[in-house]
Amino acid sequence: GSSTLSEYLVLCHMDELVVVEKNGEALQEYCSLIVESGVRRIASFPPDSIAIGYSVTGVHFLKLDRSKKQLSKRNRERDSRTVFACSMLSADDVIATTAFGTVYTLSCHDSQPQSGMEVGTLESQAIFAANEAALRILPCGMTYNFQKQTKNEIVVLITIMGSIIGMIPVQPEDFVVLNNVQKELLALPSTSPLLQNSHKQFRSTEGESRRVLDGDLLVQFTQLSNEEQNIIATGQGATSATITALLERIISNLQ
């Protein structure tokens with residue numbers, strides 16, 4: 001695998017991670033570090049953050065120290081997952097998918113190694129099962145709102161089955177409302193799973209789903225009858241028009 005980090009190129013050969021820099025028309029080694037075997041993906045975020053996705057031991061964070069011209073291990077995932085793809089959202093945050101189609105995020109903000117440990121351990125922040133392994137994860141600002149003249153942040157996942165999944169950030173106060181709406185939709189006969197199977201179990205293949213909303217389910221609110229919409233909205237202390245407007249505002253970020 002490989003990734004670019006500012007003016008450097010990060011490569012992996014066998015169990016050695018190598019940072020190279022351009023010297024005229026040639027490339028020369030800048031620094032290197034022996035890592036665990038089984039590297040599947042390398043991601044980076046300027047100026048000095050690197051994430052490695054392993055086939056067995058999940059995601060590990062590293063840092064490039066330019067003053068010492070060396071790589072150092074920073075944090076590692078607590079769970080041993082089979083990483084299929086990963087990408088850095090910031091210098092401290094990464095999003096990854098597993099071979100079984102689970103999507104999750106990790107953050108090493110203010111994370112410190114525990115006593116006697118070389119690096120800190122991280123637990124997933126948000127997790128849900130897309131049930132399709134993603135070949136690529138692309139954080140970008142690819143959408144454009146022509147009315148507001150602003151770009152909207154979005155993470156695009158391209159799966160091995162050819163699906164394209166879009167993920168967008170939601171404000172905490174909006175998440176609370178929509179999470180409650182989602183629960184009501186799962187209990188409503190017209191929008192509950194046809195086979196009466198557990199939606200939570202379906203979205204929790206490798207860990208209990210948390211901090212992620214199911215957009216395919218939520219959009220069904222706009223297709224309900226006025227009576228059904230009012231029943232759900234009243235339970236949230238809102239109107240159906242308010243919830244519909246909230247959903248349309250979020251959906252517009254994907255258009």
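Count residues from 1 along the sequence.
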Exercise for review: Would you please test I52 and R40 for side-chain contact (heavy atoms from CB on, under 4.5 Å) and show each step?
Suggested key: CA-CA 8 Å; I52 303 177; R40 177 161 283 180; over 6 Å; no
Practice item. Kindly indicate, with the supporting measurements, whether the criterion side-chain contact (heavy atoms from CB on, under 4.5 Å) is fulfilled by L185 and L224. Key: CA-CA 10 Å; L185 289 171; L224 297 176; 3.8 Å; yes
Exercise for review: Run the numbers on M167 and F128 for side-chain contact (heavy atoms from CB on, under 4.5 Å), then give the verdict.
Suggested key: CA-CA 12 Å; M167 301 182 67; F128 83 107; 3.7 Å; yes
Practice item. Output, in order, the C-alpha distance, side-chain angles, deciding distance and verdict of salt bridge (Lys or Arg N to Asp or Glu O under 4.0 Å) for D92 and R74. Key: CA-CA 10 Å; D92 296 307; R74 186 179 177 192; 2.3 Å; yes
Check your understanding: Going through the checks in order, is the side-chain contact (heavy atoms from CB on, under 4.5 Å) test met by E206 and T98?
Key -> CA-CA 9 Å; E206 296 178 272; T98 72; 2.4 Å; yes
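Of all heavy-atom pairs spanning Y54 and S37, the tightest one is CD2-O, 3.6 Å. In terms of heavy atoms, C31 sits closest to L71 at SG-CG, 3.9 Å. Closest non-hydrogen pair, I127 versus E208, comes out as CG2-O, 3.2 Å. When all heavy atoms of E132 and S163 are compared, the pair lying nearest together is OE1-OG, 2.9 Å. In terms of heavy-atom proximity, T191 sits nearest to Q220 at CG2-OE1, 3.5 Å. Of all non-hydrogen atoms in I168 and E153, the two that sit nearest each other are CG2-O, 3.7 Å.
A cation-pi contact links R81 to Y104, judged by a cut-off of 6.0 Å to the six-membered ring centre and 45° from its axis.
Atom OG1 in T159 sits 6.0 Å away from atom CD1 in I165 (nearest 0.5 Å). To the nearest 0.5 Å, atoms CZ (F221) and CD1 (I232) are separated by 5.5 Å. Rounded to the nearest 0.5 Å, atoms CG (L9) and CD1 (I42) are 9.0 Å apart. Rounding to the nearest 0.5 Å places CD of E184 at 13.5 Å from CD of Q229. In this structure, CG on L11 lies 11.5 Å from OG on S32, to the nearest 0.5 angstrom. Atom CG in D79 sits 8.5 Å away from atom CG in L106 (nearest 0.5 Å).
T239 is listed as a side-chain neighbour of T242, based on a closest heavy-atom distance under 4.5 Å. Side-chain contact between V35 and H60 is absent, with no heavy atoms from C-beta onward closer than 4.5 Å. Using a 4.5 Å heavy-atom cutoff, the side chains of L247 and V219 are not in contact. Inter-residue side-chain proximity for V94 and L89 is flagged as unmet; no heavy-atom pair is nearer than 4.5 Å. The shortest distance between side-chain heavy atoms of V19 and Y8 falls below 4.5 Å. Side chains of I164 and L157 form no contact here, defined as non-hydrogen atoms less than 4.5 Å apart. The shortest distance between side-chain heavy atoms of D15 and V39 does not fall below 4.5 Å. The closest side-chain heavy-atom distance from Q182 to L213 is below 4.5 Å.
Using modelled atom types and a 3.5 Å distance limit, the side chains of N230 and S240 yield a donor-acceptor pair. Inspection of the T57 and E77 side chains reveals no N or O donor paired with an N or O acceptor under 3.5 Å. At a cut-off of 3.5 Å, with distance as the only test, no side-chain donor of Q125 or T105 sits close to an acceptor on the other residue. Judged purely by distance below 3.5 Å, without hydrogens or angles, the side chains of S67 and D65 pair a donor atom with an acceptor atom.
Hydrophobic clustering, with ILVMFWY side chains joined whenever heavy atoms are under 4.5 angstrom apart, groups F175 together with L246. In the hydrophobic clustering of this structure, F45 groups with V83; members are Ile, Leu, Val, Met, Phe, Trp, Tyr whose side-chain heavy atoms approach within less than 4.5 Å, directly or through other members. Side-chain heavy atoms closer than 4.5 Å link hydrophobic residues (I, L, V, M, F, W, Y) into clusters, and following such links, even through other members, never connects I50 to F61. Linking ILVMFWY side-chain heavy atoms closer than 4.5 Å, directly or via other members, places L188 and V181 in a single hydrophobic cluster. Cluster membership check: F100 does not share its hydrophobic cluster with V212, using side-chain heavy-atom separations under 4.5 Å among Ile, Leu, Val, Met, Phe, Trp and Tyr.
Without hydrogens or angle criteria, E228 side chain to S225 main chain gives a donor-acceptor distance under 3.5 Å. Between the S204 side chain and the S209 main chain, a donor and an acceptor come within less than 3.5 Å of each other. Remark: the backbone N or O of G101 is not paired with any side-chain donor or acceptor of T97 at under 3.5 angstrom.
Atom CZ of R210 has more than 12 heavy atoms from other residues, nucleotides or ligands within 6.0 Å. Within 6.0 Å of CD in E227 there are 12 or fewer heavy atoms belonging to other residues, nucleotides or ligands.
The pair R66-E7 meets the salt-bridge criterion, with a side-chain N (NZ, NE, NH1 or NH2) lying under 4.0 Å from an Asp/Glu carboxylate O. Using a cut-off of 4.0 Å between Lys/Arg side-chain N and Asp/Glu carboxylate O, E36 and K73 are scored as not salt-bridged.
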